[in-house]
Amino acid sequence: DAGVIQSPRHEVTEMGQEVTLRCKPISGHNSLFWYRQTMMRGLELLIYFNNNVPIDDSGMPEDRFSAKMPNASFSTLKIQPSEPRDSAVYFCASSFGTGGADTIYFGEGSWLTVV
Amino acid sequence: DAKTTQPPSMDCAEGRAANLPCNHSTISGNEYVYWYRQIHSQGPQYIIHGLKNNETNEMASLIITEDRKSSTLILPHATLRDTAVYYCIVSPHNAGNMLTFGGGTRLMVKP
C-alpha cells in the first residue's frame, strides 16, 4: 500500500500568492483529515471529511483557507492569498471509519514557506 | 483544556525500556487511549491504542490503570531510531476519530 500521498513536499511562495496542497488518501479509507503543524501551536486539526463531505471545519483559521474533496481519492487544501504566518507543515491523514477505534495514517507532509 | 498531561521530555539509554507516562484523569467511559509518535520531519505514526485492558503489539505495550486515569507506553528495548515525540491522545468511540494532539513527550534515546 502506498500510504497517504501528499504533494508538493516542499513549496516556497511569495506572500499574496495562491497555494494548493494535494492529498491522495489510502484506497478504501472514508475519512480524511488536514492538520497543520507549527512550533508555536503544535499539530492542529483544520478540517475533517467523511465520505467526501466536510464534517468539521472549525479548525480552519480563516476564509483564506478552503478545502475540497471532490472524490474519495483526492483532496485539496487551498490558501488564497497566502501570508507569512501560514508557513507550516501541512499533513493530510486518512482512516477507515468503522465507528470504533480507527487508526489514522498520516502522509509525509507538505512543508510550506511563505516569504 | 488539555485532556492529557505528559512530561515534555525524557531520556532513555539505548537497549533499556522506555516508560512514557500519560495522565488522563478526565477520560470518559467511551474514550480510547491512543499513542502516536512523530519522528523528526515525518508524519505522526500510530503505535497502539486501548480502552481498558493492557495491550501489546510489535512496537510497544500499553498499560492502562484500573481507574483508566493514567497509562504508560512501554518501548521494551529502545533504539536510537525510537527518538521522537510521543503523543498520548484520548478520543471517543465513534467514526472518524478526530484526534487532538497535545504537546507530547520528546524522547531522546542515547547511546
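Below, chains carry the letters A, B, ... as their sequence lines are ordered, and counting in each starts from 1. Excluded from the calculations below are hydrogen atoms, water molecules and symmetry mates; all remaining heavy atoms, backbone and side chain alike, are included.
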message = I'd like to know if the side chain of Ser82(A) and the backbone of Gln17(A) have a donor-acceptor N/O pair within less than 3.5 Å.
response = yes
Main-chain N/O of Arg41(A) paired with Thr38(A) side-chain donor or acceptor, under 3.5 Å: yes
dist Ile79(A):CD1 -> Glu62(A):CD (nearest 0.5 Å) comes out at 9.5 Å
Under 4.5 Å to a heavy atom of chain A? For Gln38(B) that would be side chain
Cut-off 4.5 Å, heavy atoms of chain B, and the answer for Leu45(A) is side chain
Applying a strict 4.5 Å limit to non-hydrogen atoms, the region of Gln37(A) in contact with chain B is side chain
(request) Compute the ring centroids of Tyr35(A) and Phe101(B), then answer whether they are less than 6.0 Å apart. (result) yes
